[in-house]
Visitor: 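Got a structure for you, questions after.
This is a predicted model, so every value here is computed, not measured.
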Amino acid sequence: MEAKLRRGGVSMDRQEPLTTSYGSRVKPSGGIELTAWLFMRISGIVLLVLALGHLFIMHVFNSVHVIDYDFVARRYVKIFWRGYDLTMLWLAMIHGLNGMRTLVDDYLHPPARGIVVKGMYVVGGLFLILGTWVIMAFRSP
Amino acid sequence: MREVAFKILRFDPEKDSKPHWESYRVELEPTDRVLDGLEAIKGSVDGSLSLRRSCAHGVCGSDAMLINGRNRLACKVLVKNVKQPIAIEPMRGFKVIKDLIVDMEGFFSKYRQVSPYLIEAGPAPEKERLQSPEERERFDDTTKCILCGACTTSCPSFWADPDYIGPAAIVQAHRFIFDSRDAGKEKRLKIMNEKEGVWRCRTVFNCVEACPRGINVTRAIAEVKQALVRGKV
């Protein structure tokens, strides 16, 4: 076999030092794909709690008829609810964007892939900025 | 003996621009296998039918193909257990060379990339390399792979992205990553951690359904992911 084999986007470097054995710490861990994968799991669990909480507060415990500007304004007096919404916004946007990225990675090929992914990041980034701005800058009367 | 109906997706690159279905009827015993049917067709109806087979007993992994829409070994499926006409197609996601024969070069190239052999830490011991039953049990499931390609060609992630290293190569990597005698874990985990490595797996479970050896492929992939996340085996 050749010293370096590269095919299908996966590389093999036969010059790597061989130092690990069973039960030891193995490197490398980390890396963008691992981080993204782990983030999806953790944010998914957190979002399940946050989104269900949001759903119950907004649609079960309170009728949609009582939810108006004053309702939101009263909520936003408390920093807790701003933090709640901000956390949900950021986790949901990044979770959703990363999910879309993996889908696009699967089904589109360059150059369309890059264009679509970058377009998604721009739109997602704008929504993030807008949402963050609203939550942070909202002044309860 | 009774007549069994087959329909086979035929493709001859010298004559056809695209694959087409052809129907066949052959006399078989109900306890005959699909492979026997294909050989009966090749032997007495149409000698141009091309397929791979070797041991014909579910060990060599040569005759994986789509049988009624599912990846199976033709030598492990009895004709009495499948609906007729028995639809036979080449495995999906590989380039078809002729009829049921597909180009598996990319598949084996990915297999070679994970260094599917024991890598020693130091000089060889005088006698055998000892291992406890528990240590052996750790990777027992993934030793069963026969490299038929059924898992990889049932994987939607692989269909969409042929660069994905695929379940079969991950199974092979798992077999050595979790072997206490092996010293090449870092190298293999590095490949597994690449973009086209384990992170392309979407846990669809098709590979588990397809594996003729009953390997829990998705579990093996998850264990590799876990080893990467935790940074230890």
Visitor: With a distance cut-off below 6.0 Å to the six-membered ring centre and an angular limit of 45° from the axis, does A:Arg82 pair with A:Phe80 as a cation-pi contact?
Guide: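 That pair does not qualify as a cation-pi contact.
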Visitor: Heavy-atom count around A:Phe127 CZ within 6.0 Å, excluding the residue itself: above 12?
Guide: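 Open: at most 12 neighbouring heavy atoms sit under 6.0 Å from CZ of A:Phe127.
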Visitor: Can a donor-acceptor pair be found, under 3.5 Å and without considering hydrogens, that links the side chain of B:His57 to the backbone of B:Cys55?
Guide: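 Yes, B:His57 side chain to B:Cys55 backbone: donor-acceptor pair under 3.5 Å.
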Visitor: For B:Arg200, is it the side chain, the backbone, both or neither that has a heavy atom under 4.5 Å from a heavy atom of chain A?
Guide: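 Answer is side chain: those atoms of B:Arg200 sit under 4.5 Å from chain A.
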Visitor: Using non-hydrogen atoms only, which part of A:Thr102 is less than 4.5 Å away from chain B: side chain, backbone, both, or neither?
Guide: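 When you check distances to chain B, atoms from both the backbone and side chain of A:Thr102 fall under 4.5 Å.
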Visitor: Counting heavy-atom pairs closer than 4.5 Å to chain B, which one of A:Asp105, A:Leu38, A:Leu108 comes out on top?
Guide: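 Highest number of pairs under 4.5 Å: A:Asp105.
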Visitor: Looking at CD1 of A:Ile94 and CZ of A:Phe39, how far apart are the two atoms once the value is rounded to the nearest 0.5 Å?
Guide: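 Result: 5.0 Å between the selected atoms.
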